[in-house]
Colleague: 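Just dropping this structure here.
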Amino acid sequence: MNEMRRSGAARTRKGVLRTAGMYLFLIIVCIVIIYPILWIVFASFNPSQSMFSSTLIPKEMNLDNYIWLFTDPESDYLLWLKNSMKISLIVMVLQLILVSFTAYAYSRFNFRGKKFGLLIFMVLQILPLTSAMIAFYALGILLGLVQNHAHAYLIAIYVGSAIPANTYLVKGYLDNIPKELDEAAHLDGAGNFTTFFRIVMPLAKPILAVQALWAFMTPLQDFVIAKLIIRDPELNTLAVGLQSFVSGSMTGGTQMQFTKFAAGSLLIALPIALLYVFLQKYLISGLTAGGTKG
Amino acid sequence: MKQKSTRHQTAATLLALIPGFGHFYNRQFWQGGAILIIMAAYGFLTAEAVFQGVQGGGLAGLFTLGTVPGEDHSLFFLVEGLLSLVLVAVGIGIYLFSIFDARKNGRLRDEGKPLYSLREQYKSVMNRGFPYLIMAPGLLAMTLAVVFPIVTNILLSMTNYNINHMPPKKLFNWVGLQNYIDMFTMDSWKNALLHTLSWTVIWTVCATMLTIVLGILVAVTVNQKEIRCKRFWRTIIILPWAVPAFISILMFAVFFNDSFGAMNQQVIPFFNKLLPFLKLEALPWKTQVGFTRLALILIQGWLGFPYIFVMVTGVLQSIPSELYEAAQMDGASRYQQFRRITLPWILSATAPVLITQFTFNFSNFNIIYLFNSGGPVIAGQLTGGTDLLVSWVYKITTESVTREFGMGAAITVFVSLIVMAIALTQYIRTDAFKGGNER
């Protein structure tokens, strides 16, 4: 049936034109997507500081920018990488533990205040993190967190703010795991913790994997809060550090080091992009399970 | 008869007004002792903080916000006052709980039923209290990192905290709703607010519509039966979603640079070669408001449409093919099928996500700040040409010399209210929320 319709449509002239039009549209979309990406890729191989280039492919190409990032004593790239990895890993572990516990409670138990709790989560999930920006800043300075414990403060903010939305997401997934399994385990004498670790969590692995990935990504992607809280350049995360290449604050505001930014950004963007492309199926199911988070 | 049946209940309740004594009366000595010790310890530990304050003025400091300029730090007073309030509330909570528990046990005695032994009590706490127990760490983290700052922000919005009232040199004070009134009546604030708000609304609508329309259009196109190599197209289209947003934005910030960006150096010359009659010139992307705005909307389209594309692609698989077959029987054209079947199905399935796109863009700080710091500057305005409400707040609090914390907080509350109004109306209808209520 499908086959017949296709050949029937393609045979007519109108059908051919339409198909060509659709391909043309997709090709234009893909060029618009790829052109800036190619441009930054080539820029990262461009050794010259001058950005004047009337062609996409620079005349001279080498790995100078990459070598500079890793070997030059002036480069803090490895330090930023270390800071970002540290923050991301801690956030990932803490968020996984806290979110899976709260989601389990909301999915499996009836308790007083549950509806109210869900309502609060709903409201907090909608509110942008920027709605507490001033307070983050003022409180952080007040308590000395900005001055002395910037990383710990950042981690606390990332983890705490991730809880409402992600609890919803994981709860949505857990709701689909049959409760009969829990009940059977309880009948066999398993306590709540045993049921949680032995029965529910193994079945929730897919959503936990998505969670772990996102928890790891959030700190890598965040610029605003990190910029607001980090004062000491030694503590810069990748996002804040890379931005300094382009904003010019690193070299006294005189020269933009776009080619170095390009190299540093690609090194971090490439593994992330590959993860997204390979895991797109799981990411989508993770998105639709909770159904609400943008 | 009736009097007799509530004798223990009344006595236990009244005695419980002294912490622990209600339980003593019910001969629950361990529980009573525990309550007495917990309440005493709690009172002892919190009394100093609540009544005297550590660096602020305790609970009273919340009202005074400090009295001695140069010595008292109003912000300390506000935060400590808020913390004291929480401590007092928790204390009252424990106290009320002990009274209710004594009352309940008194009633059990009136009814001649046995009371929980210590072991049973422990078991009951472990069972009924289990959800609270495992939620506690998460909720605590959330409260400290999000709820507390948001409440602090709301309180700050009712103060005159700015450069003229900068602690510790000077005190700031409660001004009630003055910031909110000024925001809408004082000319300088009103103009800046209206200017920023109107651009924020235009930006939100245009950027979000572009994202959604493009996402749906591309997804439907790729899904057409004539298109081959679907995986190939999907992999390319997903790329902008996969690259961290701040990297893409910074990339575009240079891409659109007036003098050496690729837009003016490569793309526009290319179009001139392709269509010589156009005679395009290099455009002032970063220096003229109109062009900066156009660039921002285009970039957000680039950044955001792959996400919609991914969602819609998923939804398209779920539309039953019977619908199309029936439509074809009735002689519906391809366009009619799209208009009457595909589009309504997509919109109803992704409505909540589409709404979050609006709320996200309404406070999309990243793109505005990273692309051009809210610029270009407009003469005689307190706000940049492309500043959204959120980036404007960031400017007047952390960058400008006036340090308008109070007003900034008030604008933030205003923004949050708008975002919530957009979102809540829609959220309440979604299944995620209804499901949450039932279970």
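In the text below, chain A, chain B and the rest are named by the order of the sequence lines, each starting its count at 1.
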Colleague: Are Phe305(B) and Val29(A) close enough that some pair of their side-chain heavy atoms sits under 4.5 Å apart?
Modeller: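 Yes, at least one pair of side-chain atoms sits under 4.5 Å.
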Colleague: Given heavy-atom pairs under 4.5 angstrom as the criterion, report whether the side chain, backbone, both or neither of Ile272(A) touches chain B.
Modeller: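 Both backbone and side chain.
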Colleague: Please classify the contact of Phe252(B) with chain A as side chain, backbone, both or neither, using a heavy-atom distance under 4.5 Å.
Modeller: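 For Phe252(B), the side chain is the part near chain A, not the backbone.
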Colleague: Just give me the residue among Val146(B), Ile411(B), Ile134(B) that pairs up with chain A most often, heavy atom to heavy atom, under 4.5 Å.
Modeller: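 Top count of heavy-atom pairs under 4.5 Å with chain A: Ile134(B).
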Colleague: So do Met135(B) and Phe109(A) actually touch side chain to side chain, heavy atoms under 4.5 Å?
Modeller: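 In short, these two side chains do not touch, never coming nearer than 4.5 Å.
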Colleague: Thr152(B) and Ala135(A): which non-hydrogen atoms are nearest, and at how many Å?
Modeller: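 For Thr152(B) and Ala135(A), the tightest heavy-atom pair comes out as CB-CB, 4.1 Å.
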Colleague: Just checking Phe278(A): does its CZ atom have more than 12 heavy atoms from other residues, nucleotides or ligands closer to it than 6.0 angstrom?
Modeller: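 No, not enclosed.
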Colleague: Is there side-chain contact between Ser265(A) and Met251(B), with heavy atoms separated by less than 4.5 Å?
Modeller: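 Side chain of Ser265(A) against side chain of Met251(B), heavy atoms only: no contact under 4.5 Å found.
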Colleague: Between Pro137(B) and chain A, with a heavy-atom cut-off of 4.5 Å, which part of the residue counts as in contact: side chain, backbone, both or neither?
Modeller: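 Both backbone and side chain.
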Colleague: Who among Leu370(B), Val79(B), Thr397(B) has the most heavy-atom pairs with chain A under 4.5 Å?
Modeller: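 Sorted descending by pairs with chain A, the first entry is Leu370(B).
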Colleague: Quick check for you: among Leu98(A), Thr102(A), Ile33(A), Val123(A), which has the greatest number of heavy-atom pairs under 4.5 Å with chain B?
Modeller: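 It is Ile33(A).
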Colleague: So what's closer than 4.5 Å to chain B heavy atoms on Phe111(A): side chain, backbone, both or neither?
Modeller: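 The answer is both parts of Phe111(A).
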Colleague: Less than 4.5 Å apart, side chain to side chain, heavy atoms only: is that true for Phe246(B) and Gln243(A)?
Modeller: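 Phe246(B) does not reach Gln243(A) side chain to side chain.
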Colleague: So, do Phe193(A) and Phe130(B) sit near enough that their side-chain heavy atoms are less than 4.5 Å apart?
Modeller: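 Answer yes - side chains close enough.
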Colleague: Taking side chain as everything from C-beta outward and backbone as N, CA, C, O, which of these in Ile27(A) sits under 4.5 Å from a heavy atom of chain B? Side chain, backbone, both or neither.
Modeller: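 Both parts, heavy atoms under 4.5 Å.
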Colleague: What is the distance from atom CD1 of Ile150(B) to atom CG of Leu127(A), rounded to the nearest 0.5 Å?
Modeller: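 Result: 5.0 Å between the selected atoms.
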Colleague: Specify whether Phe405(B) and Tyr137(A) have parallel, tilted or perpendicular ring planes, treating 30° as the upper limit for parallel and 60° as the lower limit for perpendicular.
Modeller: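 Parallel, since the angle between the ring planes stays under 30°.
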Colleague: Hey, which of Ile237(B), Thr235(B), Leu139(B) has the most heavy atom pairs under 4.5 Å with chain A?
Modeller: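 So the answer, after comparing Ile237(B), Thr235(B), Leu139(B), is Ile237(B).
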Colleague: Under 4.5 Å, counting heavy-atom pairs only, tell me which of Ile97(A), Leu139(A), Leu266(A) racks up the most with chain B.
Modeller: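 It is Leu139(A).
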Colleague: Measure distances from Val151(B) to the heavy atoms of chain A and classify the residue's part below 4.5 Å as side chain, backbone, both or neither.
Modeller: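 Answer is neither: Val151(B) stays 4.5 Å or more from chain A.
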Colleague: Can you tell me how the ring of Phe255(B) sits relative to the ring of Trp39(A), calling it parallel under 30°, perpendicular over 60° and tilted otherwise?
Modeller: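 It falls in the perpendicular class, over 60°.
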Colleague: Is the shortest side-chain heavy-atom distance between Gln224(B) and Arg18(A) below 4.5 Å?
Modeller: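 When only atoms from C-beta onward are counted, Arg18(A) and Gln224(B) do not touch, as no gap falls below 4.5 Å.
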Colleague: Counting only non-hydrogen atoms closer than 4.5 Å, does Leu124(A) touch chain B with its backbone (N, CA, C, O), its side chain (CB onward), both, or neither?
Modeller: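 Answer is side chain: those atoms of Leu124(A) sit under 4.5 Å from chain B.
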Colleague: Is chain B contacted by the side chain of Met133(A), its backbone, both, or neither, given a heavy-atom distance below 4.5 Å?
Modeller: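 The answer is the side chain of Met133(A).
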Colleague: Is there a donor-acceptor pair under 3.5 Å between the side chain of Trp302(B) and the backbone N or O of Val32(A)?
Modeller: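 Indeed, once roles are kept as given, a pair shorter than 3.5 Å links the two residues.
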Colleague: Count the heavy-atom pairs under 4.5 Å between each of Ile163(A), Leu26(A), Val159(A) and chain B, then report the option with the highest count.
Modeller: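 Of Ile163(A), Leu26(A), Val159(A), Leu26(A) has the most heavy-atom pairs under 4.5 Å with chain B.
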Colleague: Does the ring centre of Phe223(A) sit less than 6.0 Å away from the ring centre of Phe365(B)?
Modeller: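 Here the rings of Phe223(A) and Phe365(B) have centres that are no less than 6.0 Å from each other.
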Colleague: Write down the atom of Gly160(A), the atom of Ala145(B), and the distance for their closest heavy-atom approach.
Modeller: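 The answer is CA-CB, 3.8 Å.
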Colleague: For Val224(A), is it the side chain, the backbone, both or neither that has a heavy atom under 4.5 Å from a heavy atom of chain B?
Modeller: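 Looking at Val224(A), backbone and side chain both touch chain B.
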Colleague: Looking only at the side chains, is there a donor atom on one of Tyr35(A) and Gln266(B) sitting less than 3.5 Å from an acceptor on the other?
Modeller: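 Distance-only check passes for Tyr35(A) and Gln266(B).
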Colleague: Show the numbers, then the answer: is there a side chain to side chain contact (heavy atoms under 4.5 Å, CB included) between Val254(B) and Phe261(A)?
Modeller: CA-CA 11 Å; Val254(B) 182; Phe261(A) 163 80; 5.8 Å; no
Colleague: Let me confirm one number: the CZ-NZ distance from Arg334(B) to Lys14(A), rounded to the nearest 0.5 Å.
Modeller: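 Atom-to-atom, Arg334(B):CZ and Lys14(A):NZ are 9.5 Å apart.
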Colleague: Side chain, backbone, both or neither: which part of Phe196(A) has a non-hydrogen atom closer than 4.5 Å to chain B?
Modeller: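 No part of Phe196(A) comes within 4.5 Å of chain B.
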Colleague: Heavy atoms only, distances under 4.5 angstrom: which of Pro36(A), Cys30(A), Ala273(A) has the most pairs with chain B? Name it, please.
Modeller: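 Among Pro36(A), Cys30(A), Ala273(A), the one with the most close pairs to chain B is Pro36(A).
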Colleague: Between Tyr132(B) (side chain only) and Arg112(A) (backbone N and O only), is there a donor and an acceptor less than 3.5 Å apart?
Modeller: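 Checking the backbone N and O of Arg112(A) against the side chain of Tyr132(B), a donor-acceptor pair under 3.5 Å is found.
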Colleague: Counting only heavy atoms closer than 4.5 Å, note whether Arg231(B) contacts chain A via side chain, backbone, both or neither.
Modeller: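 No part of Arg231(B) comes within 4.5 Å of chain A.
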Colleague: Does Phe25(A) reach the side chain of Leu217(B), with side-chain heavy atoms less than 4.5 Å apart?
Modeller: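 The answer is yes, as the side chains (C-beta and beyond) meet within the 4.5 Å cut-off.
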Colleague: Supply the atom-to-atom distance Asn366(B) CG to Lys227(A) NZ, rounded to the nearest 0.5 angstrom.
Modeller: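 Separation between the atoms: 12.5 Å.
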Colleague: Against chain A, label Leu156(B) side chain, backbone, both or neither, depending on which of its atoms sit under 4.5 Å from a heavy atom there.
Modeller: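 Answer is side chain: those atoms of Leu156(B) sit under 4.5 Å from chain A.
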Colleague: If you count heavy-atom pairs under 4.5 Å between each of Leu250(B), Thr412(B), Val419(B) and chain A, which one has the most?
Modeller: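 Top count of heavy-atom pairs under 4.5 Å with chain A: Leu250(B).
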Colleague: Side chain, backbone, both or neither: which part of Val393(B) has an atom under 4.5 Å from a heavy atom of chain A?
Modeller: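 The side chain, not the backbone.
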Colleague: Could you work out, with side-chain hydrogen bond (donor to acceptor under 3.5 Å, both in side chains) as the rule, every residue matching Tyr158(A), not counting sequence neighbours?
Modeller: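 Only Asp222(A) meet the side-chain hydrogen bond (donor to acceptor under 3.5 Å, both in side chains) criterion with Tyr158(A).
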Colleague: Which atom names give the shortest non-hydrogen contact between Pro164(A) and Met142(B), and what distance separates them?
Modeller: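 Looking at all heavy atoms of both residues, the shortest contact is CG-SD, 3.6 Å.
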Colleague: With rounding to the nearest 0.5 Å, note down the distance linking CZ in Phe101(A) to CG in Leu133(B).
Modeller: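 Here the rounded value is 9.0 Å.
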Colleague: Heavy-atom cut-off 4.5 Å, strictly under: side chain, backbone, both or neither for Val415(B) against chain A?
Modeller: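 It is neither, since no heavy atom gets under 4.5 Å.
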Colleague: Is the closest side-chain heavy-atom distance between Ile227(B) and Tyr23(A) below 4.5 Å?
Modeller: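 Of all side-chain heavy-atom pairs linking Tyr23(A) with Ile227(B), at least one is under 4.5 Å.
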